[in-house]
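One structure below.
In what follows, every chain begins at residue 1, and chains take the letters A, B, ... in the order their sequences are listed. Source: prediction; values computed, not measured.
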Number of protein chains: 2
Amino acid sequence: MDNKERVVEKLKSRGLKITPQRLAIIEVLEGNRSHPSAEDVYKRLIERYPTISYATIYKTLETLCELGELMEVNIEPHKKRYDPFTEPHHHFLCVRCGKIDDIPLEEVPMPPVPDEVRDKYGIVGMCVYFYGLCPGCKN
Amino acid sequence: MDNKERVVEKLKSRGLKITPQRLAIIEVLEGNRSHPSAEDVYKRLIERYPTISYATIYKTLETLCELGELMEVNIEPHKKRYDPFTEPHHHFLCVRCGKIDDIPLEEVPMPPVPDEVRDKYGIVGMCVYFYGLCPGCKN
DNA sequence: CTACTATTTTGAATATGTTTCAAAGAACAA
DNA sequence: TTGTTCTTTGAAACATATTCAAAATAGTAG
C-alpha cells in the first residue's frame, strides 16, 4: 500500500464508504515497513481519534486484506501483524526485541514449488519465516 | 518423537520426574502426525485422566520443545500446534477443514540461505508454511 | 518401608488478542 | 434534505495461553 488514493478508489469501487477512521488507518499503514499489530495502529490513532475502537481497527484491517492492499504476517504466535507491502518477500523476527524485518527475494529466493506439488496439495499461498537475533540484540 | 523410552531417558537425565501425566502426553504425541493443539491433547487425555489440567499440558509441551523432542507449528494464527516429528520439513494448512499436512523436502526443498544472509540477520531458525484447499475440500 | 525434599500438578484467576453485537452515528445517492 | 445503507462504538463475549499458591507426588536417602 504505497498510494492512499488508489486504496480510496478501490474502497469506493466496492461500494465501501470513505470514513475518517478508514482514512486514518490507511495513512498509518501507507509506506509503513514496521509490520504493525492492531494495537500498534490503535496507539498511533487514539490521540488523534480518542473514540476510535479496536473493533473498527480490526474490521478495517480485515477489509484491507480482502482488497489485497494488506497482508497478515503471522510470524509471531498469538499476535497478528500487518504488512502493507504486498509484493512477495520473507520475514525475519528477532526473538529478543520482537522487531520484524523484511528479507527480499534477492537475498533468499522463494523455494521452487513444482506444479504437481501445487496441484497435489491445492496450494494457493505460502510464506517463509525466519527467526533469530537481530544485530542490535546479538551483543 | 518416535521412541517414548528415549524421551523418558532424556527427562531423567535432566533431573525431571516421570509422572503419569507426562507419560500420557508423550504417548499421545509418539508417532502422532496430526499436529495436535494443546486442546487436542487435553481432549485425548481427559477421559483417562479426569483431573489433568491445561496447565500441565501446556507446561509439558513446552518442556518437550525445550528438550528438542517437539516443535511448535504456528501455521494457524492464534493457535499453537505441535509436531513430534522434528526433522526438517514444511507444513500445509487446509484453510477450509483446518487439517495440517507435512510437505517433505523431497517435494519442496528448503530455500537456500547464503551464510552472509544468515550472519546479517542472525538467523537461527526458519519455517515454510503453505496454505490452500486439500483434495477433500477442493470439490 | 519411611521420611524427606524438590518437583509437579491442579484449579482458579488472570492475561492477551480478537470477535461479536445491537444501538447510535455518518456517508453518500437521490 | 432526506433516506438508506454502511460504519463505528463500547461492552461483552470468546479463545488461547500463562501465572499462582496450595496440595500432591516422584524419587532419593536412610
Once you apply a heavy-atom cut-off of 4.0 Å, does A/Ser53 come out as touching a base, just sugar-phosphate, or nothing?
base
The side chain to side chain contact (heavy atoms under 4.5 Å, CB included) partners of A/Ser53 (sequence neighbours excluded) come to A/Ala55, A/Thr56
Check: residues 123-139 of chain A side-chain donor-acceptor pairs under 3.5 Å, at least two apart:
residue	atom	partner	partner atom	Å
A/Tyr129	OH	A/Asn74	N	3.1
A/Tyr131	OH	A/Ile75	O	3.1
A/Lys138	NZ	B/Asp119	O	2.9
A/Asn139	ND2	A/Gly136	O	3.2

Letter by letter from the 5' end, nucleotides 11-30 of chain D scores (B base, S sugar-phosphate only, - none; protein heavy atoms under 4.0 Å) -----SBBB------BS---
So the ring pair (Phe, Tyr, Trp, His ring centres under 6.0 Å) pairs with at least one residue in residues 49-76 of chain A (sequence neighbours excluded) are A/Tyr42-A/Tyr54
The remaining residues in the hydrophobic cluster of A/Phe85, counting side-chain heavy-atom contacts under 4.5 Å among Ile, Leu, Val, Met, Phe, Trp and Tyr, are none
For this session: Verify the neighbour count for atom CD of A/Glu47: are there more than 12 heavy atoms of other residues, nucleotides or ligands below 6.0 Å?
Result: no
The first and last nucleotides of DNA chain C lying within contact of chain B, meaning any atom under 4.0 Å from one of its heavy atoms, run from C/dA6 to C/dT18
Residues at least two apart in sequence or cross-chain that pass side chain to side chain contact (heavy atoms under 4.5 Å, CB included) with B/Pro50, listed by chain then number, are none
All N/O donor-acceptor pairs, side-chain side in residues 12-20 of chain B, below 3.5 Å, sequence neighbours left out:
residue	atom	partner	partner atom	Å
B/Ser13	OG	B/Lys10	O	2.8
B/Thr19	OG1	B/Arg22	N	3.1

Measuring only between side-chain heavy atoms, which start at C-beta, is A/Asp2 closer than 4.5 Å to A/Arg6? yes
In B/Lys79, B/Arg44, B/Lys80, the residue satisfying salt bridge (charged side-chain N to carboxylate O under 4.0 Å, His left out) with B/Glu39 is B/Lys79
When rounded to whole Å, the CG to P distance for the pair A/Leu45 and D/dT8 reads 12 Å
As a check of understanding: the bend across the helix from C/dC1-D/dG30 to C/dA30-D/dT1, end axes from five pairs, rounded to 10 degrees, works out to 20°
Solution key, residues 91-112 of chain B side-chain donor-acceptor pairs under 3.5 Å, sequence neighbours excluded:
residue	atom	partner	partner atom	Å
B/His91	NE2	B/His35	NE2	3.4
B/His91	NE2	B/Asp83	OD2	2.9
B/His91	NE2	B/His89	NE2	3.0
B/His91	NE2	B/Asp102	OD1	3.4
B/Asp102	OD1	B/His35	NE2	2.8
B/Asp102	OD1	B/His89	NE2	3.1
B/Asp102	OD2	B/Arg33	NE	3.2
B/Asp102	OD2	B/Arg33	NH2	2.9
B/Glu107	OE1	A/Tyr121	OH	2.5
B/Glu107	OE2	A/Lys120	NZ	2.6

For B/Thr56, report the nucleic acid contact type (base, sugar-phosphate, nothing); a contact means any heavy atom under 4.0 Å. base
Side chain to side chain donor-acceptor pair (under 3.5 Å) filter on B/Thr63, not counting sequence neighbours, yields none
Any ion pair linking B/Arg48 and B/Glu27 (charged N to carboxylate O, less than 4.0 Å)? yes
Taking the basic N atoms (NZ, or NE/NH1/NH2) and the acidic carboxylate oxygens, is any pair closer than 4.0 Å for A/Glu72 and A/Arg81? no
Under a 4.0 Å heavy-atom cutoff, the residues of residues 63-75 of chain A touching DNA chain C are none
